[in-house]
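What follows is a set of notes on a single structure, which appears directly below.
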Amino acid sequence: MEKLCELAQADLLELVRSVDDQKGRIQELSEDQEAELAANLPLFIAAICVLNRYRFEDVLTSYQIDPLELQQLFARLDRLGVIELLPENRYRLQVSRSFRWRKNGPIERYFIGHVLSSFVDRKLVRTQDSFRFAWGTVSDATAQRFIERLRSVYDDFNDAADADAQLPLEQRTGAGLLMIDLYTWSTPNGRKISIALEEFGLPYTVHAVNIAKDEQLEPEFLAISPNNKIPVIVDREKNRSIMESGAILIYLADMHDRFWGDDRYQTLEWLMLQMASIGPMLGQTHHFLKFNPGKAPYAEDRYAAETKRLYGVLNKRLSESEYLAGSYSIADIATWPWIARYEWQGVDFPSYPHLLRWYKEIAARPAVQRGFDVPAIGAQIPMPG
Ligand SMILES: N[C@@H](CCC(=O)N[C@@H](CS)C(=O)NCC(=O)O)C(=O)O
């Protein structure tokens, strides 16, 4: 079959699309039809609404539009072949599942000219498409590989949106596809970001940077990580990279307006405590209590005592509050992977009962379980008895 596709210079995806088309549904509009939509904003919005399975009443409640005008717009969409009008303002969608706007066609040009800037500024709440921009010089084979991967994520997204289109409007929210590359390793700082990406439900591509083999010192990595450390993300949509796990968490929380706890500044307080104290101090504890091949009694005592002190600070806070900033936030996401190394930290975990309760609660979150083993090495979350 693959050979056949090769001969026909079509990939499997195109084959599936053409089979779909045999059912008589349209896969794309003509240049003129798209131009008609692009020139008429209400008609374009009506088209987007039907593609998102809005019912007639849903469009009326979402947009200030006269029912008669909407009936006329629906009639035009019927003439364009996008829908088949049925009695009582119902309709049957006539486009195939693989329907897409024409490449460089009037709608794509309209999106780029009018919609994309609002999408990037996050002023737009609902869009049918997303636009990706990335640069680099790669071989044809690499380019092909990435196109296939992006297509498959894009198709997954469309399938999910298709399935969710059956839900009532109140249970749906506008969403675009944001592509993120994560450069990471299986360490507490790396896990903060894979857990966060899982919590935010963002698709991301993992690039393992093996710090045990000094891969963080490679010149290509230095270009996106001036301090030669993981984690780093590259946001392809915005064409920018971000280093420092705290900054990445703030970026994601700002972008998606989520996981800010009960109070933004309280979340920042606890996030800063993690970045300035918990991470650096516990990191030294790992060195002196676990990895130092020699003996360094002064350093061992100092970092063991500091670790116990910080456990006490967290335990006290968590005796007053369910999570560090009231509700679950990026401060918890930053702190938890460090506590998940408790076995290296010379502490008696059960004597910090509130911290233990918090630790177990977060460990039970599916996103945390998925994000913990990134890059996949079969790592298990340690669970105190
Ligand atoms: N403050 C940085 C610390 C990052 C960091 O220390 N990363 C470690 C792994 S957890 C690393 O890349 N180490 C490699 C090295 O130091 O050469 C952050 O939070 O992102």
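Sequential numbering from 1 along the given sequence is applied to the chain's residues. We count ligands from 1, going down the list as the structure has it; atoms in each ligand are counted the same way.
- Residue contacts with ligand 1: Ser245 is placed with a nitrogen or oxygen under 3.5 Å of a nitrogen or oxygen of the ligand (distance criterion only).
- With Lys192, Glu215, Gln216 as candidates, the residue nearest to atom 15 (C) of ligand 1 on a non-hydrogen basis is Gln216.
- Counting protein heavy atoms only, atom 16 (O) of ligand 1 is closest to Lys229 NZ, 2.5 Å.
- For atom 1 (N) of ligand 1, the closest heavy atom belonging to the protein is Glu244 OE1, 2.8 Å.
- In summary, Asp164 and Arg53 do not engage in a salt bridge, as defined by a charged side-chain N under 4.0 Å from a carboxylate O.
- Atoms of ligand 1 lying under 4.0 Å from any heavy atom of Thr187, numbered from 1 in the order shown and given with element: 9 (C), 10 (S).
- Between Tyr359 and Tyr352, the distance separating the two ring centers is not shorter than 6.0 angstrom.
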Next on the checklist: Under the criterion side chain to side chain contact (heavy atoms under 4.5 Å, CB included), I'd like the reasoning laid out for Phe259 against Thr267: C-alpha separation, chi angles, the key distance, then a yes or no.
Outcome noted: CA-CA 9 Å; Phe259 299 118; Thr267 300; over 6 Å; no
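- Remark: ligand 1 atoms within the under-4.0 Å shell around heavy atoms of Asn189 are 3 (C), 4 (C), 5 (C), 6 (O), 7 (N), 10 (S), 19 (O).
- For Gly246, the closest heavy-atom approach to ligand 1 does not fall below 4.0 Å.
- Those atoms of ligand 1 with a heavy atom of Pro231 less than 4.0 angstrom away are 20 (O).
- Within the 3.5 Å criterion, the main-chain N or O of Ile377 finds a donor-acceptor partner in the side chain of Asp373.
- Remark: ligand 1 and Ile230 share an N or O pair separated by less than 3.5 Å (distance only, no angle test).
- Between Phe372 and Arg191, the closest heavy-atom pair is O-NE, 2.7 Å.
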Next on the checklist: Is there a side chain to side chain contact (heavy atoms under 4.5 Å, CB included) between Cys49 and Tyr63? Walk through the geometry before answering.
Outcome noted: CA-CA 10 Å; Cys49 286; Tyr63 298 93; 3.5 Å; yes
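- Listed by number with element, the atoms of ligand 1 under 4.0 angstrom from any heavy atom of Met275 are 1 (N), 19 (O).
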Checklist entry - Under the side-chain hydrogen bond (donor to acceptor under 3.5 Å, both in side chains) criterion, do Glu361 and Tyr328 qualify, and how do the steps go? => result CA-CA 10 Å; Glu361 251 170 57; Tyr328 186 61; over 6 Å; no
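- Distances shorter than 4.0 angstrom do not occur between any heavy atom of Met243 and any atom of ligand 1.
- Distance from atom 13 (N) of ligand 1 to its nearest protein heavy atom, with residue and atom name: Ile211 CD1, 3.9 Å.
- In this structure, Phe291 has its ring center closer than 6.0 angstrom to the ring center of Trp344.
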